[in-house]
Every structure is written in structure tokens, then in C-alpha cells.
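Notes for the one structure printed next.
Numbers restart at 1 for each chain; the letters A, B, ... are given by sequence-line order, proteins then strands.
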Amino acid sequence: MHADDILDRLNDEQKQAVSAPLGNSLVLAGAGTGKTRVLTHRIAWLATHERMPMGSILAVTFTNKAAGEMRTRVAALVGDAGPGRWVGTFHSTALRLLRSHRHEARLGDEFAIIDADDQLRIIRTLSIDMNISVDQVNPRNTRSYINKQKEQGRRHANAVRLNQPYESEYKRIYKAYEARCQKESLVDFGEMLLRCLEMLREHEDLLRLYRRVFGNVLVDEFQDTNAIQYDWLKLIAKDSASFMAVGDDDQSIYGWRGAEVANMNRLLSDFKPVSVHRLEQNYRSSEHILQAANSVISHNNSRLGKNLWTDQGAGQPIVLTRSVNEHSEADAVATFAKDYAMNGGKYEDIAVLYRSHALSRVLERSFNGYAVPYRIYGGLRFFERAEIKDALAYMRLVATPDTDFAFARVVNTPTRGIGSKSIERLREIALERGVSLFRASEAVVVERLLPARTVNSLEKFLRLLANMRKASEGAELSEIADQCIRLSGLVDFHAPDKTETSIGRRENLQELVNACSQFVEDPVGDEEQGTPASALRAFLDHASLGEEAPQMEAGGDAVRLMTVHSAKGLEFPVVQLVGVEDGIFPNSMAINEGGLEEERRLFYVAMTRAMKELRIGHAEVRTRYGQGQSISVPSRFLAEIPEDNTDRMFFEPARMPSAYARSHPSSRPSLAKGGDELDGVRSGAVVRHARFGEGIVLATEGSGDNARVQVEFKRFGSKWLVLGYANLQVLES
DNA sequence: CACCGAAATATTTTT
DNA sequence: TATTTCGGTG
């Protein structure tokens, strides 16, 4: 592609950013202003106009999805640059450097990546070993302490004071945790970045090398960088030929995991960008949506400031809906989706967004009831499921039997008579002799160090591992996975019966095998995987980096359900927000100084996902874990949306109770209005409700448990109520 | 040591 | 409500 073509079909601001002179530049790109476009075109510009080799261009993003997107879009512009080159997430890039220089990084040859769950297990056993009460010093809190320190680049020795209770215990455990990870060659997410940073700091030659290699550095979502990511960028990119950071301070929503918006300001003084570009023309949303979003975000104080505009016309006003409770809200969303599809729309045009995963459960029920196809994103990710992690642990042991955390995970999974006591003893023996659990087990078997029953079980387990390794020799990756699953007996253990969960688990395990063959065919990572052994290692890394299983992207037309966080970077013709109530959104855990502004930014992100239609719902009553209904107050953010941009305040959508919908999945509710009588209540009757006060019955519908009436209340407008639940007092019939 | 039912506990967001 | 942990029994 020619240099001129690259600038084609870009607006003036975008053109300037793409063709900016070499040196440092900052692009402030509002939501929907073509940020990814600018980044990919900039890469193409560097490659063609500036004649930079593709291998000299490092582009980092936060999510795998964004990295993948960037790869395909760059490939479309300048052709495939080989397997990925240097386009990846912060974590995958750091990991790649660590793998290439494990010696300089002081890591073992086969270091393994551990996730949050593994971290917790390690912390728990450490706490117990150290006689620190797990009831008082909560391992979860310890974990968040450790992660926080790492995000700020702190080892235990120079940990920063956080003024938390039990801080000295946290610190002691942190020290032990560092030692344990080092000894077993384990790397957690924070460690990847920290270790990489330290490695470059300690090895001048490597730093020089990579400064030369990465002549051009581009960063996406810069507002989400934390302290070490920033330092890392500064270290390798401060004097590079070109450096471009793209970000939007209004979309900084990861403060809770260490992201510092202040890095945007820091960049101005540290990198002294030769050019700053502002992208303010929004191509995504209609005017109503954009104006409302602008209005909401303007309530934040700490902003760099910008105002998005569009020439797409007013579009539809935002629909604000109020429902009596979460079930009615969910039903309203389901029926809306159904209507939308029946009028020629596609389900996949619709995204239902919520603040936390917990809100998806009610939606699922209603969607099932109304037979609306849906797909939930996020939640328990594929590679985090217990059965998958078990299978991966076996695969890990095939690669490296000395990996203690994998050994400990599956030595008794499926149960084979090696209980906690035996494992404890095994640990002691391993510690005494300074060997891995695997070696310790061998010794126990040979020297008969434990009760005969345990020794037998251990011997069987070791034989199992040996068989797996033998079966895996020279085998294809998917064959290895298949053997691990089969020989271990994980299927029978996790999926013994015909229940839905069992079937799901069985499918998951099968899917793991599929993912393996997929991975070999179409490698996602950047490292070459010549031999089956290196393919195995690469796959384990891939799995540990939490990349989504390929199946998620496939599938038919369906509504998408996800958290606002995971919707970042995406856009949908129709966005439905649910549970927009104070305490949920903004979340009660976050209503404090900095927290509220971040919640508002999150709300802003949610609103700006919508292209044509934005619907925002809240319920009057919401049940929290099964019992104890609490009255909900609409989110304070709703008051920040101008009246002019909204429509049908207090729209009352409840039409049909879920129970009915469930028993008649295909039928649509018919709104029979008439004078029929139900339990002594007929239309025209005057009734009183405990909460809504006096009203007139407009219509009745259904019978028995499904009997419902529509009541026009004096102060609350018209509502559908379930007779058995509403407890109406008839004043006048 | 494994299994089962009871009790406790949890809901903020994720690379 | 849904899931995990605990404690008692076999």
C-alpha cells in the first residue's frame, strides 16, 4: 500500500496523528473516534513512508482481543508481517522477553505462569506453614497486598506502606511468597512485568539491544498503564525513533488494579511529545447518546478535557426504563430483544451490559424463558475452570514433573487416597532434601517412608505420570492433551453423570483437545513451536495468559451479555444497561473519593458503546442473594443525563412473570384488556398497594399463580402486578 | 481417607 | 440463591 493511500479516508485530525513526524507523540482519542484506526494506519505509515522494518515496531495493548484485532488490521494494510511480530499485550511481550532471556531474568528453564487462583493456593499454604491464622489474615487480602506492591514495582524488601491492618503479616508472607515462587520457578501476572523491568535494568547490554530493536513503540489504552508498565515503556521507548501513546483519560477504568491516569500527565513531562493530537469526531454514536455521555462525564473534575461531536444526526433519545424488580427488568429486556428480532433486527446487534457478573443470572433465566438466544462473555473463563486447570496441570507435569504447584494440584485429583496429611508429609520430605515433590515422591516410594497404603497410591500416581510421558513422546499437542485427560480419569471424576454441569465439563475437556489442535494449526502466540515439546510449552503459556478459547467467537445470532469492563473497546447498534442503581452502579464498594469518578468513567464507557439505541434500566426492588429484598434508588448518574436526550422516563415494561414465560417458552404475552374478573378484582376497581398507594385497575390477565392486573397508580403511573404477590386491598369494586 | 449433608459465605471490575 | 468449606460418619 502506498503512503498516500494510508491517509485516504481519514479525517484531518487522524491524518495528522498518522503522519506525525518521528519522535514522541500523544493521541487523545475519545470513544469511537477511530483510535484503533489511527494506530494501525500509523504502523502502516511507519512501515511504508518512514521505511521502518516491521520487526522494529512494537505495539502493545492490554487485552488479547485488542492485540488480535490490531494484528489482523495491520495485516490488511501492509500484508502479514509473519507470526505476530511484536504486536501483543504487555504481558505477552514481557513473557516473550523473559522466555528469551530466562538466564538473565534469573528464571528456571521451564518457569510456569500462575494465575490468581494458584496464587491464592500458595499463599494459603504459606500462611499455614508460618502459623499465621488464615481466619484473621485473609489470603485474599494478602494476595491483593502482594499484587499491589508488584504493580508499583515493589519487592518485599522495599514494600511501600499501605496502612492496612495485618500489614506486617502481609509483608512476611510476601517475602515467603517471593522465595517460594523463585524456588519453584513460578511467575505471576505482576511478576512478568516486574521481572522484565528488573532484567532490563540490570542488564545494560539487553537494554541496549532492545532499545535498538524497538525503534518504534506504540501503546494502546495508555490511560490504563500502571507504574511498572509506565517505567517499562520509559526504559525502552524514551529515546526511540518514534513513540506514540494513544489514550483517553475519560475511559480509565482500571484504577483498582493499579492503573494510574496520572501517567497521561507524566508522559507530557517525561516524554515531551513533539505533537499532541486530539480526536474528537465520534463516528459511532448518534447525537442524543453522545450529548448525554458528554454531560455525564463533565461531572468529573480531574480531566484533560475534550468534547466529542458527531455529524450523524440526533438519532433516538435514550430510553430510561424502570421496573418493579429485577425479574421484571430481565423480562423487559428479553421481550425487547424478541421484539427487536421479530421486527427484522439481529440478536447480535444487542449487547446487555451490567456492572457485575452477578446481574447476569436473572437475565439468563428470562432469556431462557422467552427463548431468546444469548451468549455470556467473561465470567468463569475457559482456562480457569477447575477441570481444565487440572488437565493443564497434568500437561504441565508431562513437560516438567518438578513443577510443584501442578503436582500438588493433581496428586489427589481424581482422588486416589493421597489426602492432606500425606501431602503435608511429602512437603516436609521435599523441604528436608531440597527436592521437588515429584522427586520426594520417588524417594518415598523407594525408601517406603510413609504408610504402605500411601506408598502404594503414590507409586500408582508416579506410574500414571510415567505412562503419560511415554504416551506423549513425540506426539502431537492435541494427542498429549487427549492422553492426559484419558489416562488421568479426569472425565469420570469431573463429569460422572448426565447432569447439565457434567455434560458441560465433558465438553470443556473435549474442547481443550480441540483448542490444542487449533493452536498448532494457527498459532496465536509469537514464539515458534518447532518441536512438540516447545508446542506444549507455548500452549501452556498461551493458556496461562488467559486467552479465550476459540469457540467463544463462533456460534449463531445471539444477544451478548457482558460486564461494562469487558465491553470496553467494543461497539453495538443497541446497548441495554441493566441494574443502574445506586450501590450497584456506582458500586457501593467504590463510592469514595477517587472511586466515584472511576465509576462515572465506567458509566461513560458503557454509554458510548451504543451506536443507535441506548436503553438504561433500573429496578425499584432488587433481591440480594435470594432473600432480603432491598429498595433500590436509581443511579445518581441518571440525574446527570439531560432530560432532552431521554425518552419515556418510568417506562413500565413488566408484561409477564418469568414463571409463565418459562412454562410457555414460545408464546408471546397477549395483553388482554377487558372486564374479566380475577379473585374479586376487576378492571375499574379502586385498590390500595402498600408501596404505591391508591390506584385504578385497568386490565387483568392470566389466572391462578399467573394472575396479573394492570393498575394505574396516582403517584407512580401504571404498573403490572402479580396478584398473589402484590397483596392489593380492594377499596371499591 | 472419602463421602455426605450442613453451615457459612459471597458479589466489583481482569491481564 | 449458588457455591464453597466444614464436620461428622463410615
Side-chain angles (χ1 to χ4, degrees), chain A residues 60-67 88-95 113-117 119-120 124 134-135 138 140 144 147 150-151 187-193 220-221 224-226 228-229 252-259 326-327 353-362 364-365 377-381 383-384 386 412-424 450-451 453-454 456-457 493 496 501 541-548 562-568 579 583-592 595 598-599 601-603 605-606 622-629:
Chain A
V60 272
T61 63
F62 276 85
T63 65
N64 300 303
K65 208 192 290 163
T89 63
F90 274 100
H91 289 89
S92 71
T93 309
L95 180 64
I113 297 160
I114 56 173
D115 69 5
D117 185 56
Q119 268 186 300
L120 202 59
R124 205 176 279 134
V134 188
D135 294 324
N138 185 317
R140 284 165 180 280
S144 91
N147 289 341
K150 289 198 180 187
E151 276 151 14
V187 174
D188 62 37
F189 284 110
E191 185 73 28
M192 268 183 246
L193 303 171
D220 191 17
E221 308 276 18
D224 287 333
T225 51
N226 65 24
I228 18 177
Q229 284 160 341
S252 163
I253 55 174
Y254 285 107
W256 52 273
R257 69 169 201 217
E326 73 272 23
H327 302 289
L353 308 184
Y354 33 78
R355 176 64 237 264
S356 68
H357 279 300
L359 297 181
S360 67
R361 228 168 254 146
V362 213
E364 249 185 305
R365 270 217 294 179
Y377 288 78
L380 238 203
R381 297 171 118 66
F383 288 118
E384 286 168 2
N412 201 30
T413 315
T415 44
R416 48 176 74 88
I418 305 169
S420 51
K421 273 277 173 330
S422 303
I423 295 175
E424 207 174 293
L450 291 176
R453 246 170 53 134
T454 317
N456 284 338
S457 303
F493 179 69
T501 43
D541 277 355
H542 165 78
S544 311
L545 284 177
E547 297 179 39
E548 212 34 88
M562 65 186 91
T563 65
V564 180
H565 279 90
S566 48
K568 189 159 95 150
I584 294 179
F585 203 170
N587 192 279
S588 52
M589 310 291 277
I591 304 186
N592 51 43
E598 180 152 317
E599 291 290 303
R601 291 193 292 265
L602 190 58
F603 193 64
V605 167
R622 191 168 292 270
T623 315
R624 298 189 60 161
Y625 6 85
Q627 41 179 317
Q629 299 206 322

Is the shortest side-chain N/O distance from A/Ser422 to OP1 or OP2 of B/dC1 below 4.0 Å? yes
Identify the heavy atoms of A/Met192 and A/His91 that sit nearest to each other, and give their distance. SD-O, 3.7 Å
Tell me if a side-chain donor or acceptor on A/Glu598 pairs with a main-chain N or O of A/Gly595 at a distance below 3.5 Å. no
Let me know the distance between CZ of A/Arg381 and P of B/dT15, rounded to the nearest Å. 4 Å
For A/Asp224, run the salt bridge (Lys or Arg N to Asp or Glu O under 4.0 Å) check against A/Arg601, A/Arg257, A/Lys568 and tell me which one passes. A/Lys568
Proximity to the side chain of A/Arg124 - top-ranked nucleotide from C/dT5, B/dC1, B/dA2: C/dT5
Rounded to whole Å, CZ of A/Phe603 lies from C1' of B/dT12 at a distance of 16 Å
Rounded distance in Å - CZ (A/Arg416) to P (B/dC1): 14 Å
Closest non-hydrogen atom pair between A/Gly579 and A/Phe585, with its separation: O-CB, 4.0 Å
Looking only at non-hydrogen atoms, find the nearest pair between A/Thr413 and A/Phe493 and report the distance. CG2-CE2, 3.6 Å
Roughly, in whole Å, what's the span from CD1 in A/Ile418 to P in B/dC1? 9 Å
Smallest separation among heavy atoms of A/Ala606 and A/Leu353, with atom names: O-CD1, 4.2 Å
How many Å lie between CG on A/Asp188 and C1' on B/dT14, as a whole number? 14 Å
Rounded off to whole Å, could you give me the CG-to-P distance for the A/Leu602 and B/dT14 pair? 10 Å
Expressed as a whole number of angstroms, how long is the span from A/Arg622:CZ to B/dT12:P? 15 Å
Are any of A/Arg365's side-chain N or O atoms less than 4.0 Å away from OP1 or OP2 of C/dT1? no
Taking only N and O in the side chain of A/Asn147, is any of them less than 4.0 Å away from OP1 or OP2 of B/dT15? no
Whether the side chain of A/Trp256 and the base of B/dT12 hold a donor-acceptor pair under 3.5 Å is what I'd like checked. no
May I ask you to verify whether the side chain of A/Arg257 and the base of B/dT13 hold a donor-acceptor pair under 3.5 Å? no
N/O to N/O distances under 3.5 Å, protein versus nucleotides 7-11 of chain B:
none

Whole angstrom value for the distance that separates P of B/dT15 from NE2 of A/His565: 11 Å
Base-pair map of DNA chain B as dot-bracket, where | denotes pairing with a different strand and pairs are Watson-Crick or G-U under 3.5 Å: ||||||||||.....
Look at the side-chain N and O atoms of A/Thr563 and state whether any lies under 4.0 Å from the OP1 or OP2 oxygen of B/dT14. yes
Return the orientation label for the A/Phe90 and A/Phe62 ring planes: parallel under 30°, perpendicular over 60°, tilted otherwise. tilted
Using OP1 and OP2 only, check whether a side-chain N or O of A/His357 sits under 4.0 Å from B/dT14. yes
First encountered from the 5' end of DNA chain B, between A/Thr89 and A/Arg453: A/Arg453
For A/Thr563 against A/Ser566, the heavy-atom pair lying closest together: OG1-OG, 2.9 Å
Find which nucleotide of DNA chain B each of A/Arg355 and A/Gly417 is nearest to by heavy atoms, and output the residue with the more 5' nucleotide. A/Gly417
Rounding to the closest angstrom, what is the interatomic distance between B/dT11 and C/dC6 at atom C1'? 22 Å
Shortest non-hydrogen contact from A/Thr61 to A/Thr63? OG1-O, 3.1 Å
Between the main-chain N or O of A/Asn587 and the side-chain N or O of A/Glu599, is there a donor-acceptor pair closer than 3.5 Å? yes
